[in-house]
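Notes follow the structure.
Because only heavy atoms are used, hydrogens play no part in the values below, and waters and symmetry mates are left out as well, while side chains stay in.
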Amino acid sequence: MNDSPIIKLFVVGFPKPFIKCVYKAHWITLTSHPQFNGKKDTNNRIQYSYCLSLGEAALKGNTIVSVHNLTKRFGNIIALDKLSLRMDYGVFGLIGPNGAGKTTLLRILLGLIEADGGSSIVLEQDTATHSFEIRQRIGVLHERPTYPSSLTVGHFLKRVSNLYETSEDIDILLKRVELLNAKERRIRALSAGMHQKLGIAQALIGKPELVFLDEPTSNLDVMARVDLLRTIRDVHRNEGVSFCIISHVLSELERVCDNVAFINKGKTVVQGPIQEIINEYSSNQYNVVVSDPHILCKDLQTINDVMHVEVTGAKTLTIMVTTNNPKQLRTDIERCARLKGVNVYEMEKSHSLEQAFVEVMRNG
Ligand SMILES: Nc1ncnc2c1ncn2[C@@H]1O[C@H](COP(=O)(O)OP(=O)(O)O)[C@@H](O)[C@H]1O
Ligand SMILES: [Mg+2]
């Protein structure tokens with residue numbers, strides 16, 4: 001007997017992609033087959049009715065991973081030191097410097113190694129006792145993966161699909177990661193970006209609810225990084241698959257993640273929605289666009305609260321201040337600019353995940 005709340009959905013038009021997306025998210029499960037009503041509304045659109053029931057994860061606020069006081073030692077090295085964190089449904093960024101414990105955490109979540117203490121739950125199942133069941137429901141792209149280089153992309157994915165005993169449509173899989181035109185290419189002939197996309201494609205085999213990607217952009221050039229992260233975002237948006245991206249390339253994570261955690265020396269330093277963290281921890285730095293930054297640069301140093309001024313572009317100055325009063329700062333800058341005959345076009349606080357990270361690490 002299923003006592004989850006039931007949602008009755010009545011929709012018009014062509015709702016299949018929507019239903020597919022909701023269904024694949026797994027936090028809402030379709031309990032009855034879609035019933036085609038066959039009627040048309042006044043705009044000649046076909047009407048459908050569906051019956052959905054909320055899955056367990058939805059009832060628990062969409063938490064997909066929760067880790068409590070996790071500890072792991074390798075001899076004298078403490079890789080994880082009572083680490084606690086929570087990942088919600090969406091795209092999650094696990095950020096930390098080299099040696100912070102990111103890969104160790106991943107290996108425990110996958111059940112590849114055992115923790116010395118604490119607990120970890122993935123998709124509502126305990127990693128210590130249910131790693132087999134968890135692995136059926138997740139996908140992984142490991143750090144520095146190697147694939148059989150003499151196989152073609154299509155052949156390799158077919159083999160992985162057979163291993164999972166799923167009849168995956170390889171063409172659709174390759175389309176999802178924009179790699180269909182490389183299907184007949186041998187793996188050794190792929191570019192670094194294509195290689196990582198192949199890694200995402202193999203991680204998506206078996207319709208996982210959650211995919212872990214360990215440093216997926218580390219050896220890619222800027223264009224390939226942007227492209228790969230867009231692919232990840234699209235797969236999440238279109239199909240509801242959650243991702244955990246482990247990385248230290250912060251500027252790119254900013255564009256793709258909903259929530260992040262900073263970890264350092266085996267501990268979680270800060271975690272939460274990305275915008276909240278950026279707003280809270282970004283230092284007091286402003287970007288000011290003016291008609292002539294060089295003329296103004298020295299004078300701005302004399303303003304109270306201004307610590308440092310730098311010309312950072314043909315029309316921009318970056319100013320570090322101690323004040324939390326941007327109104328007064330703007331008035332002071334405009335006064336200086338007027339005296340020098342310089343126009344101020346724009347002034348805004350510069351927010352970035354990178355700045356927030358530096359600030360958090362400096363203080364903690
Ligand atoms: N198998 C291992 N044997 C000994 N030390 C290890 C092992 N795996 C990881 N470590 C150590 O644990 C710490 C965390 O490593 P890791 O989780 O790989 O960090 P990250 O992925 O954040 O760079 C590091 O000091 C690393 O040297
Ligand atoms: Mg690592």
Side-chain angles (χ1 to χ4, degrees), residues 21 24-27 57 61-67 83-98 100-103 105-106 109 120 122-123 138-143 176-177 193 196-197 199-200 203-204 208-220 222-264 267-283 350-361 364:
C21 165
K24 287 218 176 161
H26 280 267
W27 47 275
N62 300 342
T63 301
I64 50 171
V65 174
S66 69
V67 172
L83 182 139
S84 298
L85 60 77
R86 200 187 87 189
M87 293 180 202
D88 288 341
Y89 170 80
V91 180
F92 187 89
L94 184 64
I95 302 164
N98 284 335
K102 305 181 295 294
T103 300
L105 172 62
L106 172 62
L109 295 181
S120 48
V122 174
L123 300 169
I138 61 170
V140 191
L141 169 58
H142 286 286
E143 212 174 358
R176 286 159 78 191
V177 297
Q196 290 302 74
K197 282 189 173 184
I200 294 183
L204 289 172
E209 293 156 66
L210 166 64
V211 173
F212 290 98
L213 308 170
D214 196 355
E215 307 278 3
T217 62
S218 59
N219 56 349
L220 303 186
V222 177
M223 288 312 286
R225 278 178 181 173
V226 171
D227 189 31
L228 190 83
L229 290 165
R230 191 179 41 75
T231 303
I232 293 169
R233 189 79 229 172
D234 286 350
V235 172
H236 170 65
R237 257 197 214 129
N238 298 335
E239 301 168 37
V241 180
S242 286
F243 285 91
C244 170
I245 309 175
I246 299 175
S247 182
H248 57 264
V249 189
L250 304 181
S251 51
E252 285 131 12
L253 286 183
E254 197 170 333
R255 270 180 250 148
V256 74
C257 292
D258 305 304
N259 293 287
V260 290
F262 291 163
I263 73 169
N264 193 24
K267 280 184 166 43
T268 302
V269 188
V270 67
Q271 65 172 317
I274 196 160
Q275 272 317 319
E276 280 178 25
I277 289 180
I278 291 173
N279 291 341
E280 189 169 343
Y281 292 97
S282 283
S283 54
S350 86
H351 292 281
S352 83
L353 188 62
E354 201 154 347
Q355 265 182 39
F357 182 69
V358 169
E359 200 68 14
V360 168
M361 289 301 171

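Residues Glu215 and His248 are in side-chain contact: their nearest non-hydrogen atoms beyond the backbone lie under 4.5 Å apart. Looking at Val256 and Phe243, their side chains never come closer than 4.5 Å, going by heavy atoms from C-beta outward. The closest side-chain heavy-atom distance from Val235 to Val211 is not below 4.5 Å. Side-chain contact between Asp227 and Lys197 is present, with heavy atoms from C-beta onward closer than 4.5 Å. In this structure the side chain of Leu109 reaches within 4.5 angstrom of the side chain of Val67, judged on heavy atoms.
Contacts of Gln275 classified as side-chain contact (heavy atoms from CB on, under 4.5 Å), with partners at least two apart in sequence or in another chain: Ile278, Asn279. Phe92 is linked by a ring-ring contact (aromatic ring centres under 6.0 Å, His included) to nothing, counting only residues two or more places apart in sequence or in another chain. Checked against side chain to side chain donor-acceptor pair (under 3.5 Å), Asn259 has no partners two or more places apart in sequence or in another chain. Every salt bridge (charged side-chain N to carboxylate O under 4.0 Å, His left out) that Arg233 has, sequence neighbours left out, goes to Asp258. By the side-chain contact (heavy atoms from CB on, under 4.5 Å) test, Ser242 is found to be paired with Ile64, Tyr89, Leu210, residues two or more places apart in sequence or in another chain being considered. Legend: residues meeting side-chain contact (heavy atoms from CB on, under 4.5 Å) with Pro97, ordered by chain and number and at least two apart, are Ala100, Asn264, Phe357, Met361.
Summarising the geometry, atom CD belonging to Glu254 is positioned 8.5 Å from atom CG belonging to Leu250; distances are rounded to the nearest 0.5 Å. Rounding to the nearest 0.5 Å places NZ of Lys267 at 13.5 Å from CG of Leu85. Between the CD atom in Gln196 and the OG1 atom in Thr217 there is a gap of 8.5 Å [rounded to 0.5 Å]. Cys244 contributes atom SG, which lies 10.5 Å from atom CD1 of Ile138 (distance to the nearest 0.5 angstrom). Between Ile95 atom CD1 and Thr268 atom OG1 the span is 11.5 Å, to the nearest 0.5 Å. Distance check, rounded to the nearest 0.5 Å: CG of Asp234 to OG1 of Thr231 gives 6.5 Å.
A pairwise comparison of heavy atoms in Phe212 and Met87 identifies CE2-CE, 4.4 Å as the closest pair. In terms of heavy atoms, Leu94 sits closest to Lys102 at O-CD, 3.9 Å. Taking both residues in full, the closest heavy atoms of Pro216 and Leu213 are given as CD-O, 3.6 Å, listed atom of the first, atom of the second, then distance. Minimum heavy-atom separation, Leu253 to Ile274: O-CD1, 4.0 Å. Nearest heavy-atom pair across Arg255 and Val226 is NH1-CG2, 3.7 Å. Closest heavy-atom contact between Leu228 and Gly193: CD1-O, 4.4 Å.
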